[in-house]
Every structure is written in structure tokens, then in C-alpha cells.
Amino acid sequence: MANEHVAISTQGVQLLRGDSKTTLKELCWIQEYPDLIEDPDTIDVTTLMHTMQANIPALPKSSARAFPAFVDTDAGNLKAVQDTANTPAYYAVRSRKGWVWHGQHSVSVPGKGVDDAIQFNIVITNDSDLEFTESITVATS
């Protein structure tokens with residue numbers, strides 16, 4: 001009998017950016033992606049009358065998510081990412097399905113040592129909730 005619950009690999013996962021959810025294009029190849037949805041925060045509202053700690057949901061946080069990438073041989077990918085930095089856009093982490101959100105990104109280049117590959121970080125902050133979607137289309141033009 002075939003296993004109906006098969007996991008998928010991270011191979012081929014893309015970081016996309018666009019002016020709308022339907023105009024997403026690959027921003028650059030990434031090495032990994034961070035936690036997309038974090039554990040929710042709570043607010044302690046326990047009083048002396050409670051027999052157990054009491055909590056209520058807190059507001060969701062806007063997170064800064066870092067996506068490390070390697071600088072390519074002509075640094076064209078770094079330049080392209082820098083050219084679109086600090087402007088609001090839609091972002092997506094896509095395999096076949098994925099997560100879409102609105103925010104903006106900045107770029108940082110961490111220090112390196114002898115015989116290291118040069119990396120940069122795309123740090124994306126969000127101003128909307130992350131939305132899981134069954135289908136994310138990559139725009140071709």
C-alpha cells in the first residue's frame with residue numbers, strides 16, 4: 001500500500017517578490033529560510049483568585065526574517081536585491097504551495113574569513129499576516 005502522507009524536500013524552494021500576489025518573481029536563490037510562523041505570544045492575566053495561570057492572546061509580532069544567500073560571481077544578484085530594498089512589496093516562500101505576505105526588505109553583508117564564500121542576508125519585515133496558499137504562480141515577464 002502506498003504511503004499517502006509523503007513529505008516534501010526543501011530542494012527547489014524559492015524566495016519570491018512582486019508588486020502584487022500575482023506578479024511574484026524569484027528574488028534570488030537562498031540557502032535556507034527562517035521560521036515563518038512562530039509560536040504565539042500571550043499576556044499573563046493571572047490574579048490571586050486563579051488556581052492556575054491565566055493567559056490571553058497577544059498581538060502578533062512583525063518579525064524580521066533573514067534569508068541568507070551567496071553572492072554570485074558578478075555580484076549581480078546582490079545588486080538586484082539592493083535595488084529593490086526598502087520598498088513595500090509582496091513576498092513568498094514557495095515550493096509547490098507556500099506562504100505569502102506583505103512587507104519590505106533590507107540587505108546586510110556579514111563579515112567572512114579566509115576561504116569563505118561571500119554571503120549576504122535579505123532581511124524581510126512584514127506588515128501583514130503570513131497567508132498559506134495552495135498555489136503560488138511565478139510571473140514570467
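Residues: numbered from 1 along the sequence shown.
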Practice prompt. Inspect the surroundings of CG in N55 and state if more than 12 heavy atoms from other residues, nucleotides or ligands are less than 6.0 Å away.
Written response: yes
Worksheet item: What do you reckon, is CD1 of I118 surrounded by more than 12 foreign heavy atoms closer than 6.0 Å?
Response: no
Do [X] and [Y] touch side chain to side chain, with heavy atoms closer than 4.5 Å?
{"X": "D72", "Y": "W29", "answer": "no"}
{"X": "L27", "Y": "F67", "answer": "no"}
{"X": "H50", "Y": "V45", "answer": "no"}
{"X": "T137", "Y": "T22", "answer": "no"}

Shortest non-hydrogen separation from [X] to [Y] and the atoms involved:
{"X": "P110", "Y": "S108", "answer": "CD-O, 3.8 Å"}
{"X": "S106", "Y": "A85", "answer": "CA-CB, 4.4 Å"}
{"X": "R17", "Y": "T84", "answer": "NH2-O, 3.4 Å"}
{"X": "G103", "Y": "D127", "answer": "N-OD1, 3.8 Å"}
{"X": "A92", "Y": "L24", "answer": "CB-CD1, 3.9 Å"}
{"X": "P68", "Y": "Q119", "answer": "CB-NE2, 4.3 Å"}

Worksheet item: Ignoring hydrogens and geometry, is there a side-chain-to-backbone donor-acceptor pair from R65 to Y33 under 3.5 Å?
Response: no
Discussion item. For I56, is there any backbone N or O sitting under 3.5 Å from a side-chain donor or acceptor partner on T42?
Written reply: no
Worksheet item: How would you list all residue pairs meeting salt bridge (Lys or Arg N to Asp or Glu O under 4.0 Å) that involve residues 32-57, not counting sequence neighbours?
Response: D41-K61
Worksheet entry | Sole residue of V81, T87, V123 in side chain to side chain contact (heavy atoms under 4.5 Å, CB included) with H105 | V81
Look at the side-chain heavy atoms of Ile, Leu, Val, Met, Phe, Trp and Tyr, link any pair under 4.5 Å apart, and say whether [X] and [Y] land in one connected group.
{"X": "V100", "Y": "L130", "value": "no"}
{"X": "V109", "Y": "I124", "value": "yes"}
{"X": "L15", "Y": "F132", "value": "yes"}

Practice prompt. Using the test ring-ring contact (aromatic ring centres under 6.0 Å, His included), find all partners of Y90 that sit at least two apart in sequence or belong to another chain.
Written response: H102
